[in-house]
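Have a look at the structure below before the remarks.
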Amino acid sequence: MLFILALPALAQSPTDRFFPTDRQCYARSYTDAHLADHPAQRVTRMEVRPDQAAMAPYLGLWVNLTLRGVPGGAFEALAQCENIEDQLYCTMEGDAGAFSLTAAKGGAVLLSVGSRGMGFENEVGFTTLERDQGDDRSFLLRPVACR
């Protein structure tokens, strides 16, 4: 009987589990101690939030990040995501790469940089997170209220 009661939760898509409302966001700010232990990590903060203007059947997500050692520091990009098995697979606007979101413990999500990296822009220029270089390949993001 317990197994039957658990089936609806298992049947939820990644979109429904990770973003049950348009006010569900995920973020992480890295401490100075963490960054000192990971000198090759450039990301100091990352946030993922739903795009209110996205068109079904895709979920639109804004990815905002702050980098150390980069003029302007703050970057953002828009991605369109779709459910693929137990993850969200997201392609970034303008052929700027891709990433996936998978479930992690405690309601968190793991953002993994795609094979082509992830490209971002700000007023000063562009930057890319590479999948095969540095410490900016995956990010454990915790649930937060959207700003």
Side-chain angles (χ1 to χ4, degrees), residues 8-147:
L10 293 175
Q12 279 188 318
S13 71
T15 296
D16 293 337
R17 279 184 293 145
F18 303 158
F19 298 95
T21 72
D22 62 358
R23 301 298 307 153
Q24 178 65 55
C25 294
Y26 295 88
R28 181 163 183 189
S29 293
Y30 291 91
T31 64
D32 290 340
H34 175 93
L35 294 169
D37 288 343
H38 297 87
Q41 181 175 331
R42 298 181 306 144
V43 174
T44 61
R45 177 171 169 72
M46 181 176 282
E47 177 185 51
V48 176
R49 61 184 165 79
D51 175 29
Q52 307 300 331
M55 302 296 288
Y58 299 102
L59 169 68
L61 293 179
W62 284 102
V63 182
N64 296 80
L65 64 101
T66 305
L67 300 177
R68 62 178 165 180
V70 176
F75 293 82
E76 76 176 1
L78 180 61
Q80 295 295 316
C81 306
E82 62 181 316
N83 298 307
I84 297 181
E85 297 178 6
D86 63 346
Q87 69 178 345
L88 274 176
Y89 180 76
C90 305
T91 55
M92 299 178 71
E93 187 174 63
D95 198 29
F99 63 93
S100 63
L101 290 176
T102 55
K105 291 181 181 179
V109 294
L110 181 67
L111 185 149
S112 299
V113 175
S115 61
R116 296 178 294 145
M118 294 173 69
F120 296 87
E121 66 179 302
N122 68 7
E123 306 80 41
V124 178
F126 299 90
T127 193
T128 302
L129 300 181
E130 301 291 340
R131 178 179 174 173
D132 300 325
Q133 297 178 23
D135 276 347
D136 296 307
R137 296 179 235 169
S138 62
F139 304 91
L140 184 63
L141 307 176
R142 306 223 182 272
V144 296
C146 295
R147 295 194 242 174

Any heavy-atom pair between the side chains of [Y] and [X] that's under 4.5 Å?
{"X": "Tyr30", "Y": "Gln41", "value": "yes"}
{"X": "Leu67", "Y": "Val43", "value": "yes"}
{"X": "Phe18", "Y": "Leu59", "value": "no"}
{"X": "Leu129", "Y": "Phe75", "value": "no"}
{"X": "Leu101", "Y": "Leu61", "value": "yes"}
{"X": "Met46", "Y": "Tyr26", "value": "no"}

Quick one: does any side-chain atom of [X] pair with a main-chain N or O of [Y] as donor and acceptor, under 3.5 Å?
{"X": "Arg68", "Y": "Leu35", "answer": "yes"}
{"X": "Asn122", "Y": "Ala74", "answer": "yes"}
{"X": "Ser112", "Y": "Ser100", "answer": "no"}

In Å and rounded to the nearest 0.5 Å, what is the [atom1] to [atom2] distance from [X] to [Y]?
{"X": "Arg49", "Y": "Glu76", "atom1": "CZ", "atom2": "CD", "answer": "6.0 Å"}
{"X": "Cys81", "Y": "Leu88", "atom1": "SG", "atom2": "CG", "answer": "5.5 Å"}
{"X": "Phe99", "Y": "Thr91", "atom1": "CZ", "atom2": "OG1", "answer": "8.5 Å"}
{"X": "Thr128", "Y": "Arg42", "atom1": "OG1", "atom2": "CZ", "answer": "8.0 Å"}
{"X": "Gln87", "Y": "Glu82", "atom1": "CD", "atom2": "CD", "answer": "10.0 Å"}
{"X": "Ser13", "Y": "Asp86", "atom1": "OG", "atom2": "CG", "answer": "11.5 Å"}

Does anything in residues 131-146 pair up under side chain to side chain donor-acceptor pair (under 3.5 Å), and if so which pairs, sequence neighbours excluded?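 Every candidate side chain to side chain donor-acceptor pair (under 3.5 Å) pair involving residues 131-146 fails, so no pair, neighbours aside, qualifies.
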Over all heavy atoms of both residues, which pair between [X] and [Y] is shortest? Give the atoms and the distance, please.
{"X": "Glu47", "Y": "Arg45", "answer": "OE2-NH2, 4.0 Å"}
{"X": "Ala98", "Y": "Met118", "answer": "O-CG, 3.4 Å"}
{"X": "Arg28", "Y": "Leu141", "answer": "CB-CD2, 3.8 Å"}
{"X": "Ala104", "Y": "Leu110", "answer": "CB-N, 4.3 Å"}
{"X": "Gln24", "Y": "Pro143", "answer": "NE2-CB, 3.4 Å"}

For Val48, which of Val109, Leu111, Asn64 qualifies under side chain to side chain contact (heavy atoms under 4.5 Å, CB included)?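 Testing each of Val109, Leu111, Asn64 against Val48, the sole residue satisfying side chain to side chain contact (heavy atoms under 4.5 Å, CB included) is Leu111.
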